[in-house]
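So that the names make sense, note that chain A is the first sequence line, chain B the second, and so on, each numbered from 1.
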Protein chains: 2
Amino acid sequence: MTDAVPRPTLEAVAARAGVSRATVSRVVNGGDGVREPLAERVRRAVAELGYVPNQAARSLVTRRHDAVAVVIAEPETRVFADPFFALQLRGISKELTAHDNQLVLLLTEGRDDHARVARYLAGGHVDGALVFSLHLADPLPGLIHDAGVPTVFGGRPGWSDDGRAGADGGVVYVDSDNRGGARTAVRHLVDLGRRRIAHLTGALDQTSAVDRLDGYRDVMADVPGGNDPRLVVESDFTPAGGERAMRELLDRCPDVDAVFAANDLSALGALRVLRASGRRVPEDVAVIGFDDMLPVAEQTDPPLTTVRQDIEEMGRLMARLLLRGLPGARDRAAAPADPPPTGGVILPTTLIRRASA
Amino acid sequence: MTDAVPRPTLEAVAARAGVSRATVSRVVNGGDGVREPLAERVRRAVAELGYVPNQAARSLVTRRHDAVAVVIAEPETRVFADPFFALQLRGISKELTAHDNQLVLLLTEGRDDHARVARYLAGGHVDGALVFSLHLADPLPGLIHDAGVPTVFGGRPGWSDDGRAGADGGVVYVDSDNRGGARTAVRHLVDLGRRRIAHLTGALDQTSAVDRLDGYRDVMADVPGGNDPRLVVESDFTPAGGERAMRELLDRCPDVDAVFAANDLSALGALRVLRASGRRVPEDVAVIGFDDMLPVAEQTDPPLTTVRQDIEEMGRLMARLLLRGLPGARDRAAAPADPPPTGGVILPTTLIRRASA
DNA sequence: CTGAAAGCGCTAACAT
DNA sequence: ATGTTAGCGCTTTCAG
């Protein structure tokens, strides 16, 4: 753990190049309006000295940080149970990196952390925030909104209708087409000739779970006997939850011939219970999941038919949207902060057919 | 996406409290040597104005950032296949948060990114770095070392013996007791009366895989016929790799009666092949994994006996070590940057007995 | 097109 | 114990 050595300043570069600080500054920041021979001299001096601008000094005057906070509420164990989180982060990181922005990660653990995060955001340390709002009743989105930091949400926030939103044009968020994906899945089951199609829901305090349930209902409305409430069993996105729900379902409706699980993990649990009960998949009961979590979906027995969403792209898009909405993004010349798309951007999903349905 | 409003400065607080900027600064930074009535007035002014210190201005003079970079080389798909990454990050985040430090996440994708990371680190944007050095031949650790930033590595770096290290007292790293854990696992198998004990290795360009293999060999040296090279099959920490390796193993040594897999994921693959081959676990072949990745280990059939490592604690410890080595950590008074523990800190592992061995 | 000069908001000597 | 003052390194008018 060596100690840092003093780094060269603008001043030093200027001296070496025989110009003023202002000129060096101009060259370093894009070099408009500096004649070529001079600019070149400066560039050489920069290289020779290994000059790197002091970001603190720069921020002090520009009031920009080229940094974005990513806020993840993580009591949500689901976040850690599947690679969702990692993929999302990867997409965000790629996009931010491409635009020379830093990623400040804020993991929150509970109510006390909310205040901390709000304070940090309000403290003007970052230019914007990417927030994953996982719960319907989460106070965080509200706090963040109040902090007045440009924000893009990951996943439809559950509070889109309360007074706060819309006040200044509404929330911006990116989400998968959960409802449409669910419809596709259930329709596929119908096309397979199944009629007793059940749904194992996700945790219903998350909009994704609600939307998938809605999609299921959309299609089942047209299926004879499709509104049998016993076919919907509430679960929670986990394998254990999937097992529990599946057992319950078998109990209620032994004649079930298809299951649409809210995600791959709960499908995994369902598969296990189905096998234990002596049912064959897909012959006796067809199963479809959601997410296309590769390590899970490809490894189940039989391999899982599922609805794929492009998680990495979600992250990427969130970052892109945020950056676009920021004033004077470094690489977009003087473009005057496009009005960010209001409301949500919905990413498509695709059905991936494997063996389970 | 509201625009930020101008925030109050020290000056403003000072005016309101009827004191000088210096006094406000003192109160804000711990408030030594300010008499109570005054201090209280200042605190009230701070609260009333909603004052938050401008970090850029502060960093400019203190040369501290209260921020730490976390560098993760992520071509390593493994990082994204299991929750390892997330848990590690959680531990780090908790510890950093507790000491009022920010976490800047740097995900790297390949060689081009190396330069970028090196530049960032050398640029003095953060006080230190936490680096996960996954590959034996990774150039990143060297680059980072050259950048002269205080660093703690996650996992024993593979280059501990090359010239660079040791030059200034050696690298600091945190790792699990991979070798010891492997020994415990294999010894357990021996105690169970097994003699034809095989090992499915991890990706051998990672020190963790090498160390686990060494631990296996330590114990097998004392087992009659234990040095049969056919008992060691190279694999890669993935379920698919585990399957492949297990098939190969069954081919070479149909008489195998126990398998120590380098991690839970490859154990999962092995389990599948074992079942397909008609062998019972643990009756015919006992299986042990490594990691105790709950979602995996508890869900296999049969549930997996495995070696647990406390991943979150690893992250926490890395952060603690780094912070401790930093000059003038905000909350450790004037303690003069403890000389950081040189070399590695090894965390213990425990054998978790379930049904597979 | 280039340079000189004025701060950005804060901390840390140094006075008082 | 409190106030005064001098920068930290940079960008940005404003002159020339």
Might you work through the salt bridge (Lys or Arg N to Asp or Glu O under 4.0 Å) test for Arg43(A) and Glu36(A), ending with a clear yes or no? CA-CA 10 Å; Arg43(A) 271 185 236 106; Glu36(A) 203 29 68; 3.5 Å; yes
Is there side-chain contact between Arg316(A) and Arg90(A), with at least one heavy-atom pair below 4.5 Å?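 In short, these two side chains do not touch, never coming nearer than 4.5 Å.
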Sequence neighbours excluded, which residues qualify as side chain to side chain contact (heavy atoms under 4.5 Å, CB included) partners of Ala118(A)?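 Once residues adjacent in sequence are excluded, the partners of Ala118(A) under the side chain to side chain contact (heavy atoms under 4.5 Å, CB included) criterion are Leu143(A).
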Applying side chain to side chain contact (heavy atoms under 4.5 Å, CB included), can you list everything that pairs with Ala147(B), at least two apart in sequence or on another chain?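 In terms of side chain to side chain contact (heavy atoms under 4.5 Å, CB included), with neighbours along the sequence ignored, Ala147(B) is linked to Leu121(B), Ala122(B), Val149(B).
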List in chain and number order the residues that pass ring-ring contact (aromatic ring centres under 6.0 Å, His included) with Tyr120(A), two or more places apart in sequence or in another chain; answer none if no residue qualifies.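 Expected list: His125(A).
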Think Ser20(A) has a side-chain N or O under 4.0 angstrom from the OP1 or OP2 of dA4(C)?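 For Ser20(A), the contact criterion (side-chain N or O under 4.0 Å from OP1 or OP2 of dA4(C)) is not met.
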Can you confirm whether the side chains of Asn29(A) and Arg58(A) place a donor and an acceptor under 3.5 Å from each other?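 On atom types as modelled, these side chains qualify, holding a pair under 3.5 Å.
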Please report how far the helix from dC1(C)-dG16(D) to dT16(C)-dA1(D) bends, comparing the axis fitted to its first five pairs with the axis fitted to its last five, to the nearest 10 degrees.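 Overall, the helix from dC1(C)-dG16(D) to dT16(C)-dA1(D) bends by 40° from one end axis to the other.
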Mind checking which nucleotides bracket the chain A contacts on DNA chain D, 5' to 3', with an atom under 4.0 Å from a heavy atom?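 For DNA chain D, the relevant span reads dG9(D) to dT13(D).
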Measuring from atom CD of Glu109(B) to atom OG1 of Thr97(A), what distance do you get when rounded to the nearest 0.5 angstrom?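 If we round to the nearest 0.5 Å, Glu109(B):CD and Thr97(A):OG1 are 9.0 Å apart.
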Test salt bridge (Lys or Arg N to Asp or Glu O under 4.0 Å) applied to Arg16(A) and Glu11(A), step by step: CA-CA 9 Å; Arg16(A) 174 150 197 139; Glu11(A) 183 81 51; over 6 Å; no
What do the steps show when you test Val104(B) against Val68(B) for side chain to side chain contact (heavy atoms under 4.5 Å, CB included), and what is the final call? CA-CA 6 Å; Val104(B) 177; Val68(B) 167; over 6 Å; no
Would a distance-only check, ignoring hydrogens and angles, find a side-chain to backbone donor-acceptor pair under 3.5 Å from Asp113(B) to Arg116(B)?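 No, the answer is negative, given that no donor and acceptor are paired below the 3.5 Å cut-off.
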Between the protein and nucleotides 9-11 of chain C, list every N/O to N/O distance that falls short of 3.5 Å.
residue: dG9(C); atom: OP1; partner: Arg63(A); partner atom: NH2; Å: 2.4
residue: dG9(C); atom: N2; partner: Ala57(B); partner atom: O; Å: 3.4
residue: dC10(C); atom: OP1; partner: Tyr51(B); partner atom: OH; Å: 2.4
residue: dC10(C); atom: OP1; partner: Asn54(B); partner atom: N; Å: 3.2
residue: dC10(C); atom: OP2; partner: Leu10(B); partner atom: N; Å: 2.3
residue: dC10(C); atom: N4; partner: Arg21(B); partner atom: NH2; Å: 2.5
residue: dT11(C); atom: OP1; partner: Asn29(B); partner atom: OD1; Å: 3.4
residue: dT11(C); atom: OP1; partner: Asn29(B); partner atom: ND2; Å: 3.1
residue: dT11(C); atom: OP1; partner: Arg58(B); partner atom: NE; Å: 2.8
residue: dT11(C); atom: OP1; partner: Arg58(B); partner atom: NH2; Å: 3.3
residue: dT11(C); atom: OP2; partner: Ser25(B); partner atom: OG; Å: 2.7
residue: dT11(C); atom: O4; partner: Arg21(B); partner atom: NH2; Å: 3.1

